[in-house]
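Presented below is the structure to which this report refers.
Here is the naming used below: chain letters follow the sequence lines, and residue numbers restart at 1 for every chain. Just so you know, these numbers use all the heavy atoms, side chains as well, and skip hydrogens, waters and symmetry mates.
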Amino acid sequence: MYRLKPKIFDLNYTLDCGQVFRWERDGDWWTGVFGDYVVRISQDDGKLIVDSKLSPKFFVNYFRLDDDLLSIYKSMNKDLLINKAIMKYRGLRLIRQDPWECLISYMLATASNIPMIQKRINLLSYFFGQEIEEGYFSFPDPQTLANADLSVLGKCKLGFRTERIKDTARKVCSGELDLDALSRLEYRYSRDRLMRLRGIGEKVADCVLLFGFEEMESFPVDTHIRQIIQQHHIYNKFFKNYSSLSKMGDWGREYFGPYCGYAQQYLFYQRRQSIRKSVYF
DNA sequence: AGCCAGGCGGTCA
DNA sequence: TGACCGCATGGC
């Protein structure tokens, strides 16, 4: 157990905003799994309280505490709506996720809601991962998924995503898809490479690149971002009545600049929070 | 019952 | 290119 004193960081926003799926909140404490480690973490008066064998250095990297948030805010603060999100969710940071886990996670996210995505990932880990601690399982490695028995895989509720996952696992295993090489490519090239896989279109590729491969210029356009753009005049004035998601992505990258990935996540979280509230109150 | 959820791939004009 | 549909699954 040790403490960290990050400068501008909000643990709850960062883990709750929907970018990552394997963290569970219980009161003040979050529990998650990274690799073969179970992590418990909490924040009190700005200070992080960490219960984990992973080093402070790991968390500085994982939570992108090396990002200069203030200059990022400055570069992406283009209008009143994003400004509101920046003020409200100050300290939300993008996370450096494990590329392989991130790839599979977002392939499982198509046409689903977040609880369902979490459920699938937990089932996959339960059936194909290693038990690290009572009730906590590591995320399965490529080889295990590549060789996964279809009858067991069927229990994971992946639906039409099942074959896509197996296929991707096979390609990572065989080296046909080289994740290390992918991380060295420029955004456009790594995106095209990912999109050659069955089950990966622009949105999934952008999420994987943003959260797993540090491509901050990635601007995933999902159903929420599309609706935000359509419903707010500050954004929809840039488009005709109907515009493709692809064009919205190009626009977002241009409009919000080199850290548009951050802007995307702030807008996404702001909308989801407003929906949550309207459901419960 | 029908629509939606961090979509994608195919088809048809 | 744009519009539509089917694809599993579960919640409302």
Query raised in the report: Nearest-Å distance, CG (A:Leu245) to C1' (B:dA5)?
Result: 15 Å
Please tabulate the protein-to-nucleotide N/O contacts below 3.5 Å involving nucleotides 2-4 of chain C, giving atom names and distances.
none

Query - Upstream residue (5' side of DNA chain B) when A:Arg196 and A:Gln265 are each assigned their closest nucleotide - result: A:Gln265
**Report entry** Euclidean distance, atom CD of residue A:Gln118 to atom C1' of C:dG11 [Å, nearest integer]
**Finding:** 14 Å
Report task. Using the side chain to side chain donor-acceptor pair (under 3.5 Å) rule, collect all pairs that involve residues 11-20 of chain A, keeping only residues at least two apart or in two chains. Result -> A:Asn12-A:Trp30, A:Asp16-A:Tyr269, A:Asp16-A:Arg276
**Report entry** Gap between atoms CZ and C1', on A:Arg272 and B:dC4 respectively (whole Å)
**Finding:** 14 Å
Query raised in the report: For B:dA5, does OP1 or OP2 lie under 4.0 Å from any side-chain N or O of A:Gln227?
Result: yes
Query raised in the report: So if you build clusters from Ile, Leu, Val, Met, Phe, Trp, Tyr with side-chain heavy-atom gaps below 4.5 Å, do A:Trp23 and A:Tyr136 land together?
Result: no
Query raised in the report: With distance as the sole criterion, is a donor-acceptor pair present between the side chains of A:Tyr259 and A:Asp67 under 3.5 Å?
Result: no
Query raised in the report: Pairs in or reaching into residues 158-176 of chain A: which pass side chain to side chain donor-acceptor pair (under 3.5 Å), with residues at least two apart or in two chains?
Result: A:Thr110-A:Arg161, A:Ser112-A:Arg161, A:Asp167-A:Lys171
Query - Residue pairs involving residues 242-252 of chain A (criterion salt bridge (charged side-chain N to carboxylate O under 4.0 Å, His left out); sequence neighbours excluded) - result: A:Arg188-A:Asp250, A:Asp250-A:Arg253
Query raised in the report: Expressed in angstrom and rounded to an integer, what is the separation of A:Met195 atom CE from B:dG9 atom P?
Result: 8 Å
Requested in this report: Write down the distance separating the P atoms in C:dC4 and B:dC3, rounded off to the nearest Å.
Outcome: 14 Å
Report task. Name all residues meeting the side chain to side chain contact (heavy atoms under 4.5 Å, CB included) criterion together with A:Val152; count only those two or more places apart in sequence or in a different chain, and write none if there are none. Result -> A:Phe127, A:Phe128, A:Asp149
Report summary line: Within residues 150-170 of chain A, the residues having a heavy atom closer than 4.0 Å to DNA chain C are A:Lys157, A:Gly159, A:Phe160, A:Arg161
Query - A:Ile275 CD1 to C:dG11 P, straight-line distance once rounded to whole Å - result: 18 Å
Query - Any donor-acceptor pair under 3.5 Å from A:Glu202 side chain to A:Asp206 backbone - result: no
Query - Remaining members of the apolar cluster that contains A:Phe160, side-chain heavy atoms under 4.5 Å - result: none
Query - Listed partners of A:Arg22 passing salt bridge (charged side-chain N to carboxylate O under 4.0 Å, His left out), at least two apart - result: none
Report summary line: A:Ile117 CD1 to C:dG10 P, in whole Å, measures 14 Å
Requested in this report: Assess the side chains of A:Ser274 and A:Gln270: does a donor N or O sit below 3.5 Å from an acceptor N or O?
Outcome: no
Report task. Please list, by residue number, the residues of residues 197-206 of chain A whose heavy atoms come closer than 4.0 Å to an atom of DNA chain B; answer none if no residue qualifies. Result -> A:Leu197, A:Arg198, A:Gly199, A:Ile200, A:Gly201, A:Glu202, A:Lys203, A:Val204
Query raised in the report: Parallel, tilted or perpendicular: which fits the ring planes of A:Trp251 and A:Phe219, with parallel below 30° and perpendicular above 60°?
Result: perpendicular
Query raised in the report: Which pairs pass side chain to side chain donor-acceptor pair (under 3.5 Å) with one or both residues in residues 49-60 of chain A, sequence neighbours excluded?
Result: none
Query raised in the report: Under 4.0 angstrom, heavy atoms only, what part of the nucleic acid is A:Phe211 near: base, sugar-phosphate, or nothing?
Result: base
Query raised in the report: Which of residues 97-115 of chain A sit near DNA chain C, with a heavy atom under 4.0 Å from it?
Result: A:Ala111
Report task. Rounded to the nearest angstrom, tell me the gap between atom CD1 in A:Ile121 and atom P in C:dG10. Result -> 16 Å
**Report entry** Rounded interatomic separation in angstrom, taking CZ from A:Arg120 and C1' from C:dT9
**Finding:** 6 Å
**Report entry** Contacts of A:Glu214 that satisfy salt bridge (charged side-chain N to carboxylate O under 4.0 Å, His left out) - sequence neighbours left out
**Finding:** A:Arg64, A:Arg96
Query raised in the report: What distance separates A:Trp29 CH2 from A:Arg40 CZ, expressed to the nearest 0.5 Å?
Result: 9.0 Å
